[in-house]
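One structure below.
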Amino acid sequence: MPELPEVQTVLTTLKPRILGVRIEGVEVFLEKIIKSPGPKEFVALIKERSITGLARRGKYLLLELDASYLLAIHLRMTGQLVYSRSDKPRDRHTHLVFYLSDGAELRFQDMRQFGTMNLMLLGQLDLFCSQKGLGPDALDPALTRELFKQRIGDRRGQIKPLLLDQSLVAGIGNIYANEILWRARIHPERPVSSLTPGELAKLYQAMRQVLTEAVEHRGTTLRDYVDGDGNPGDFQSLLAVHGREGEPCPQCGQKIARMKTGGRSSFVCTRCQE
DNA sequence: CAGGTAGCCTGTTAGC
DNA sequence: TGCTAACAGGCTACCT
């Protein structure tokens with residue numbers, strides 16, 4: 001569920017609430033979400049640390065803690081990280097709670113239990129990213145058009161699975177891959193080797209535009225996604241093709257088709273995209 | 001190496 | 001209406 005714009009919105013909504021706040025303690029109800037270190041060590045290391053910064057890389061939300069610790073949180077499909085008053089009833093899928101020094105709670109809830117947390121030293125982040133094969137963030141200013149064209153253009157295979165490959169560009173998921181390809185007028189199954197330099201440039205521009213607009217609209221809520229305050233996004237009404245099989249293409253009016261690309265649903269206007 | 005599938009889970013929806 | 005199968009925004013491991 002949460003792709004780059006959603007994780008960014010979680011970050012911006014949580015920031016004023018938890019920046020500078022101390023974590024008094026942690027309660028873990030589902031240990032398997034903690035990937036490193038072990039659950040006991042995780043709890044002991046987190047306790048009494050202040051949250052000194054928030055960052056994002058691709059779909060990872062990074063909480064910087066004092067004494068140079070860093071907590072990398074991945075929400076996967078249905079994970080939610082919500083700041084909440086402690087007297088509010090908990091969601092039934094609450095797997096972990098941070099007890100904060102202001103008396104509130106930061107809750108991790110995840111219906112499908114796919115989300116993960118990794119606690120590490122700040123200095124281990126680069127190693128973590130390289131182990132995970134995490135490429136440059138899709139909105140990173142350092143990811144120039146030329147660099148993008150080089151990273152994507154040098155590969156083989158269909159374009160859409162490559163857009164979803166976090167090691168090439170980090171942050172794009174299925175929704176935005178479909179939207180980006182529609183905006184760039186490129187069919188998801190086009191072999192990358194057949195894309196012209198002009199098409200790759202269009203793809204880069206579409207990627208930056210779609211993701212930026214989605215961030216401005218606080219992300220897409222099709223079902224489960226909520227931000228750090230528990231509120232849904234509002235980009236879903238602006239989706240051109242994703243989830244719109246049978247509806248008219250906003251550009252040409254032809255019915256939007258649905259197909260499978262690399263095992264994932266693609267939504268395509270076969271007149272506009274080729 | 002490209003491409004496909006199963007698996008991790010729970011919940012919702014499409015179709016019979 | 002009631003049941004079952006397919007599917008859902010991610011990612012990894014493993015297979016061909």
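All chains are named by letter (A, B, ...) in the order of the sequence lines, taking the proteins before the strands, and each is independently numbered beginning at 1.
Rounded to an integer number of Å, the gap from NZ of A/K35 to C1' of B/dC8 is 9 Å. Across the protein-nucleic acid pair, A/E3 atom CD and C/dC11 atom C1' stand 13 Å apart, rounded to whole Å. Regarding A/E179, its CD atom lies at a distance of 13 Å from the P atom of C/dG9, rounded to whole Å. Rounded to an integer number of Å, the gap from CD of A/E245 to C1' of C/dA8 is 14 Å. One atom, CZ of A/R264, and another, P of C/dC7, lie 13 Å apart when rounded to the nearest Å. Distance CD1 (A/I33) to C1' (B/dT10): 16 Å, rounded to an integer number of Å. A/N174 has its CG atom 10 Å from the C1' atom of C/dA8, to the nearest Å. The nearest whole Å value for the distance from the CG atom in A/L81 to the P atom in C/dG9 is 22 Å.
Contacts with DNA chain B (heavy atom under 4.0 Å) in residues 154-167 of chain A: A/R156, A/G157, A/Q158, listed by number. Scanning residues 132-140 of chain A for heavy-atom distances under 4.0 Å to DNA chain B yields an empty list.
Nucleotides B/dC9 and C/dT4 have their P atoms positioned 23 Å apart, rounded to a whole Å. If you take atom P in B/dC1 and the same atom in C/dG10, they sit 24 Å apart, rounded to whole Å. Annotation: B/dA14 and C/dG9 have their P atoms spaced 14 Å apart (nearest Å). One C1' atom belongs to B/dT10, the other to C/dT1, and the distance between them is 23 Å to the nearest Å.
Sorted by first and then second residue, the ring pair (Phe, Tyr, Trp, His ring centres under 6.0 Å) pairs involving residues 161-213 of chain A (not counting sequence neighbours) are A/F148-A/Y204. Residue pairs meeting the salt bridge (charged side-chain N to carboxylate O under 4.0 Å, His left out) criterion with at least one partner in residues 197-215 of chain A, sequence neighbours excluded, are A/R183-A/E213, A/R190-A/E199. The ring pair (Phe, Tyr, Trp, His ring centres under 6.0 Å) analysis of residues 252-274 of chain A, with sequence neighbours excluded, yields the pairs A/H242-A/F267. Sorted by first and then second residue, the side chain to side chain donor-acceptor pair (under 3.5 Å) pairs involving residues 147-157 of chain A (not counting sequence neighbours) form an empty list.
Comment: A/R56 engages A/D137 in a salt bridge, judged by a side-chain N to carboxylate O separation of less than 4.0 angstrom. Ion pairing between a basic and an acidic side chain is recognised when a charged N comes within 4.0 Å of a carboxylate O; A/R218 and A/D227 show such pairing.
Counting any heavy atom pair closer than 4.0 Å across all strands shown, A/T116 reaches no nucleic acid atom.
Take A/H74 and apply the ring pair (Phe, Tyr, Trp, His ring centres under 6.0 Å) test, not counting sequence neighbours, and it matches A/Y60. Qualifying salt bridge (Lys or Arg N to Asp or Glu O under 4.0 Å) partners for A/E247, counting only residues two or more places apart in sequence or in other chains: A/R244. For A/Q113, the side-chain contact (heavy atoms from CB on, under 4.5 Å) partners two or more places apart in sequence, or in a different chain, are A/L30, A/K32, A/H95.
A/Y225 pairs in a side-chain contact (heavy atoms from CB on, under 4.5 Å) with only one of the listed residues (A/T78, A/V10, A/V7), which is A/V10. A side-chain contact (heavy atoms from CB on, under 4.5 Å) with A/I175 is found for exactly one of A/V210, A/T220, A/I180, namely A/T220.
With a 3.5 Å limit on both pairing distances and Watson-Crick or G-U wobble geometry required, the stems of 3 or more pairs in DNA chain C span B:2-8 with C:10-16, B:10-16 with C:2-8.
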(request) Summarise protein proximity over nucleotides 11-16 of chain B in one line of letters, 5' to 3': B for base, S for sugar-phosphate only, - for none, counting protein heavy atoms closer than 4.0 Å. (result) SSS---
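A close approach under 4.0 Å does occur between a side-chain nitrogen or oxygen of A/R258 and OP1 or OP2 of C/dA8. Distances shorter than 4.0 Å separate none of the side-chain N or O atoms of A/K32 from OP1 or OP2 on B/dC8. Taking only side-chain nitrogens and oxygens, A/K59 comes nearer than 4.0 Å to OP1 or OP2 of C/dC11. At C/dA8, one or more side-chain N or O atoms of A/K260 fall inside 4.0 Å of OP1 or OP2 (strictly under the cut-off).
In this structure a side-chain-to-backbone donor-acceptor pair under 3.5 Å is present from A/N178 to A/S265.
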(request) Dump the intermediate steps for side chain to side chain donor-acceptor pair (under 3.5 Å) on A/Q80 and A/Q109, then the final yes or no. (result) CA-CA 5 Å; A/Q80 303 173 335; A/Q109 343 180 128; 2.8 Å; yes
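With values rounded to the nearest 0.5 angstrom, A/K47 atom NZ is found 12.5 Å from A/L45 atom CG.
Chaining together hydrophobic side chains whose heavy atoms lie under 4.5 Å apart places A/F29 alongside A/V97, A/Y99.
A distance cut-off of 5.5 Å between ring centres, combined with a plane angle under 30°, places A/F114 in a stacking arrangement with the base of B/dC8.
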